[in-house]
Every structure is written in C-alpha cells, then in structure tokens.
Amino acid sequence: MLLAGHILLHRADPDEPHAVHPGAPTFAVEVRSEGDDGPAAEAQMAAKRADYFEAGTMVVWDVDPVAIRIREYHRDLPTRAVEFALGDHADAEPAVPGRRVAVDRIFA
C-alpha cells in the first residue's frame with residue numbers, strides 16, 4: 001500500500017460543529033510509508049490526488065518522512081507541487097487560511 005496514513009479536514013458548520021460532514025475534505029494529508037517511492041508509487045499518489053480534487057478537496061499534502069519533505073498540491077494546479085523542507089513553514093492555503101506550521105516541528 002502506498003500510504004501509511006492520512007488526515008482529513010472538513011470545514012465545520014458553526015451551527016452544527018459536531019456533525020458528520022459528507023463529501024470531500026477541504027484539506028487532505030497523505031503520509032508515505034518507507035519504500036513508497038519510484039514511478040509506480042508516484043503514479044498511485046497522483047491518482048489519489050486526482051480523486052481528492054475531483055471530489056472537491058482544495059489542498060493535498062504528500063508527506064514523505066524518509067525524504068523529510070512535504071509536497072503541497074492545489075486543485076487549480078494539480079500537477080504542480082510546492083515543496084517544503086526543514087527550515088520552511090508549510091501552509092495549506094486556501095483550505096486552512098492564515099495557518100502555518102514549521103516543517104521541523106512536523107518531523108520532530
């Protein structure tokens with residue numbers, strides 16, 4: 001399997017903050033397992049991102065703990081990655097407005 005785990009973020013309805021939210025997450029994080037590299041793994045990851053974007057997800061992070069990097073993809077430019085490495089601050093704009101996190105903290 002390509003991915004070790006994932007995190008999904010849905011925007012909450014202020015009138016129903018504990019409700020189950022149908023549909024695609026606003027922001028998705030996919031975490032790779034060791035050995036999830038090479039052409040086959042990249043093709044699987046691209047297909048997974050395409051599924052997210054087709055469903056309406058705005059931003060997907062591809063987190064690679066072996067390479068110690070995060071690649072951020074946006075629905076409007078699904079094949080162009082913004083890469084974050086140690087020393088950088090990653091964001092998930094516009095899915096998570098105004099929030100940034102140190103990459104060093106993610107991989108600590």
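Reckoned from all heavy atoms, side chains included, excluding hydrogens, waters and symmetry mates. Note that the coordinates shown come from a computational prediction; the quantities given were computed from them, not determined experimentally.
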Atom pair [atom1]/[atom2] of [X] and [Y] - distance to nearest 0.5 Å:
{"X": "His74", "Y": "Glu93", "atom1": "NE2", "atom2": "CD", "value": "8.5 Å"}
{"X": "Asp88", "Y": "Glu83", "atom1": "CG", "atom2": "CD", "value": "9.0 Å"}
{"X": "Ile106", "Y": "Arg69", "atom1": "CD1", "atom2": "CZ", "value": "14.5 Å"}

Would you say the side-chain atoms of [X] pair up with the backbone N or O of [Y], donor to acceptor, closer than 3.5 Å?
{"X": "Arg75", "Y": "Gly56", "result": "yes"}
{"X": "Trp61", "Y": "Val31", "result": "no"}
{"X": "Asp104", "Y": "Gly87", "result": "yes"}
{"X": "Asp64", "Y": "Val66", "result": "yes"}

Quick one: are [X] and [Y] in side-chain contact, heavy atoms under 4.5 Å?
{"X": "Arg49", "Y": "Asp62", "answer": "yes"}
{"X": "Tyr73", "Y": "Tyr52", "answer": "no"}
{"X": "Glu72", "Y": "Val59", "answer": "yes"}
{"X": "Pro94", "Y": "Met58", "answer": "yes"}

Between [X] and [Y], what is the shortest heavy-atom contact and its length?
{"X": "Phe27", "Y": "Ala92", "value": "CE1-CB, 3.6 Å"}
{"X": "Phe84", "Y": "Asp91", "value": "CZ-N, 3.9 Å"}
{"X": "Ala90", "Y": "Ile70", "value": "CB-CD1, 4.4 Å"}

### Query
Hey, is CZ on Arg100 packed in by over 12 heavy atoms from elsewhere, all under 6.0 Å?
yes
### Carboxylate-amine/guanidinium contact Arg71 Glu30, below 4.0 Å
no
